[in-house]
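Structure, as structure tokens:
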Number of protein chains: 2
Amino acid sequence: MKELTIQQKKVLQCIKFYIKKTGFPPTRADICRELGFKSPNAAESHLRALEKKGYITIENGASRGINLTENSAEKSQTIPVIGLVAAGSPTLADENIEKHIPYQESLFLSEFDYFLRVKGLSMKDAGIMEDDLVAIKKTSEVRNGDIVVARIDDEVTLKYFQSSGDQIKLIPANDDFEEIYINKETEGFFIEGKSVGLVREN
Amino acid sequence: MKELTIQQKKVLQCIKFYIKKTGFPPTRADICRELGFKSPNAAESHLRALEKKGYITIENGASRGINLTENSAEKSQTIPVIGLVAAGSPTLADENIEKHIPYQESLFLSEFDYFLRVKGLSMKDAGIMEDDLVAIKKTSEVRNGDIVVARIDDEVTLKYFQSSGDQIKLIPANDDFEEIYINKETEGFFIEGKSVGLVREN
DNA sequence: ATTTATACTGTATATATATTCAGTATAATT
DNA sequence: AATTATACTGAATATATATACAGTATAAAT
């Protein structure tokens, strides 16, 4: 996928916005109105550049005959899947992203930022199995009983959250695993987010 | 939402299909071509009827100015959620449908027909908890180890499938529950489908 | 040094398109 | 019995729209 110039990006954004707003693509004149061009040929040539670079297709002769290609259309509608590796934090950096899957607005009750691919069986009694995708909302506001993504230095785990006074307990849902105790002296402790849903691909 | 006539449904389907195929809505002439009408006014009057009934909006004067309303856009993209009640089969009949949730094409690897709302903990060791939504594909072709929706008379259950010779075993994933044995004398036994995925709403 | 891409204005025009008007006919509603 | 909705054909037309052509100017690539 060839890089776009700043102006070409603006035109592509304009097309996406127009479709979202109206349900159909803009005319050359519409693009000029939105972006302040005074000649329809300004829009025309940008469209041909976008076509040449593969971001749109144009049906010749058809009014509003602009079609966003999969490549350019998908980007705004996918959610990243991040691998839970023992050492390494689940950030949205490119190198940690396993893949993208199509986003679905109201699949879960609350919004979420990414899927975490679960490794190991430390939460099996909570019905969270190896390779499940846990929907994570990035937040540090968590309550007792929430299933949280916690980071201690470079180690990232998924556990039940339980705080009482100054002490925090991270509780696994599996008798074979140990509870983890956190206190104010513990360094490098951080709540990355909490689970708001789960998806399993059989 | 007012009911549509057969012809109006066809026109609405035609619009949806055209948008999916091309990325932009059809003209009156396009609709005529797809549905065999000989006058653009045939399309025009159907569009005005669809507008009046709230399925689309039309931007007057704009070419291809058809916009599917939220109501009509969702319908083809939702999947039913069916409650698993101890007595009663999970059919797609209206009275058994709990709600619809937005459908997402490639969420799971294989296609599925409905979500089954799980009651009870008979599959807890398989990570299937109360109120989980299990994605069910309607089929009777199942293999050993598949998690299946089985019906015995009016009773419907979710269990592991295991067949050997003439005998079929339905195995729970919970020591508190008993295995169920099926043989050729057993009447009213039927495999409704199998699990191809799971969604949990926290 | 020449070509190609970017980034526009400005004018012109063939045609794609929405939309109105005039009919015909059947079924449903008031 | 009169009106309204459905379901079209067929013709006409104003205008919305894509698109080509003629320029100007700068930056990048070959």
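Numbers restart at 1 for each chain; the letters A, B, ... are given by sequence-line order, proteins then strands. Worth knowing before you read on, the calculation uses all heavy atoms, side chains too, and leaves out hydrogens, waters and symmetry mates. Computed from a predicted model, the values in this text were never measured in an experiment.
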Looking at dT19(D), does its base get a donor-acceptor pair with the side chain of Asn41(A) below 3.5 Å?
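Check fails, no donor-acceptor contact within cut-off.
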Rounded off to whole Å, could you give me the [atom1]-to-[atom2] distance for the [X] and [N] pair?
{"X": "Phe37(B)", "N": "dA7(D)", "atom1": "CZ", "atom2": "C1'", "value": "8 Å"}
{"X": "Leu35(A)", "N": "dA7(C)", "atom1": "CG", "atom2": "P", "value": "12 Å"}
{"X": "Ile66(B)", "N": "dT17(C)", "atom1": "CD1", "atom2": "C1'", "value": "11 Å"}
{"X": "Lys38(A)", "N": "dA7(C)", "atom1": "NZ", "atom2": "P", "value": "18 Å"}
{"X": "Glu3(A)", "N": "dA5(C)", "atom1": "CD", "atom2": "P", "value": "17 Å"}
{"X": "Phe24(B)", "N": "dA18(C)", "atom1": "CZ", "atom2": "C1'", "value": "17 Å"}
{"X": "Ile31(A)", "N": "dT17(D)", "atom1": "CD1", "atom2": "P", "value": "12 Å"}
{"X": "Lys9(B)", "N": "dT6(D)", "atom1": "NZ", "atom2": "P", "value": "14 Å"}

Below 4.5 Å, heavy atoms only, C-beta onward: do Val118(A) and Asp131(A) meet side chain to side chain?
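The answer is no; the side chains never approach within 4.5 Å.
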Would you say that Phe161(B) contacts Arg143(B) through its side chain, given a criterion of any heavy-atom pair below 4.5 Å between the two side chains?
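Phe161(B) vs Arg143(B): side chains apart.
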Among [options], the nucleotide that comes nearest once only the side chain of [X] is considered:
{"X": "Arg28(A)", "options": "dT6(D), dA18(D), dG10(D)", "value": "dA18(D)"}
{"X": "Ser63(B)", "options": "dT9(C), dC8(C), dT17(D)", "value": "dT17(D)"}
{"X": "His46(B)", "options": "dT9(D), dT17(C), dC8(D)", "value": "dC8(D)"}
{"X": "Glu44(B)", "options": "dT19(C), dT17(C), dT9(C)", "value": "dT19(C)"}
{"X": "Pro40(B)", "options": "dA11(D), dT6(D), dC8(C)", "value": "dA11(D)"}
{"X": "Ala42(B)", "options": "dA7(C), dA18(D), dT9(D)", "value": "dT9(D)"}
{"X": "Ser45(A)", "options": "dC8(C), dT19(D), dT6(D)", "value": "dC8(C)"}
{"X": "Gln8(A)", "options": "dT17(D), dA18(C), dT6(C)", "value": "dT6(C)"}
{"X": "Thr5(B)", "options": "dC8(C), dT20(C), dA7(D)", "value": "dA7(D)"}

Is the backbone N or O of Thr57(B) less than 3.5 Å from a side-chain atom of Asn67(B), with the two atoms forming a donor-acceptor pair by type?
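Not confirmed, Asn67(B) side chain does not pair with Thr57(B) backbone.
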Between Asn174(B) and Met123(B), is there a donor-acceptor pair closer than 3.5 Å when you use the side chain of the first and the backbone of the second?
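Not confirmed, Asn174(B) side chain does not pair with Met123(B) backbone.
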Residue Glu179(A) excluded, over 12 heavy atoms near CD under 6.0 Å:
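Yes.
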Establish, with yes or no, whether the OP1 or OP2 oxygen of [N] is under 4.0 angstrom from a side-chain nitrogen or oxygen of [X].
{"X": "Arg48(B)", "N": "dT19(C)", "result": "yes"}
{"X": "Gln7(A)", "N": "dT6(C)", "result": "no"}
{"X": "Lys53(A)", "N": "dT6(C)", "result": "yes"}

From Leu50(A) atom CG to Thr69(A) atom OG1, the distance as rounded to the nearest 0.5 Å:
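Here the interatomic distance stands at 9.5 Å.
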Could you pick out which residue, Gly36(B) or Ala62(B), lies toward the 5' side of DNA chain D when each is mapped onto its nearest nucleotide?
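Per heavy-atom nearest nucleotide, the more 5' residue is Gly36(B).
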Where each residue is assigned the nucleotide of DNA chain D containing its nearest heavy atom, which of Gly61(B) and Ser39(B) is assigned the position nearer the 5′ end?
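The 5'-side residue here is Ser39(B).
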Mind checking Lys10(A) for me? I need base, sugar-phosphate or nothing, with any heavy atom below 4.0 Å counting as a touch.
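Counting heavy atoms under 4.0 Å across all strands, no contact is made by Lys10(A).
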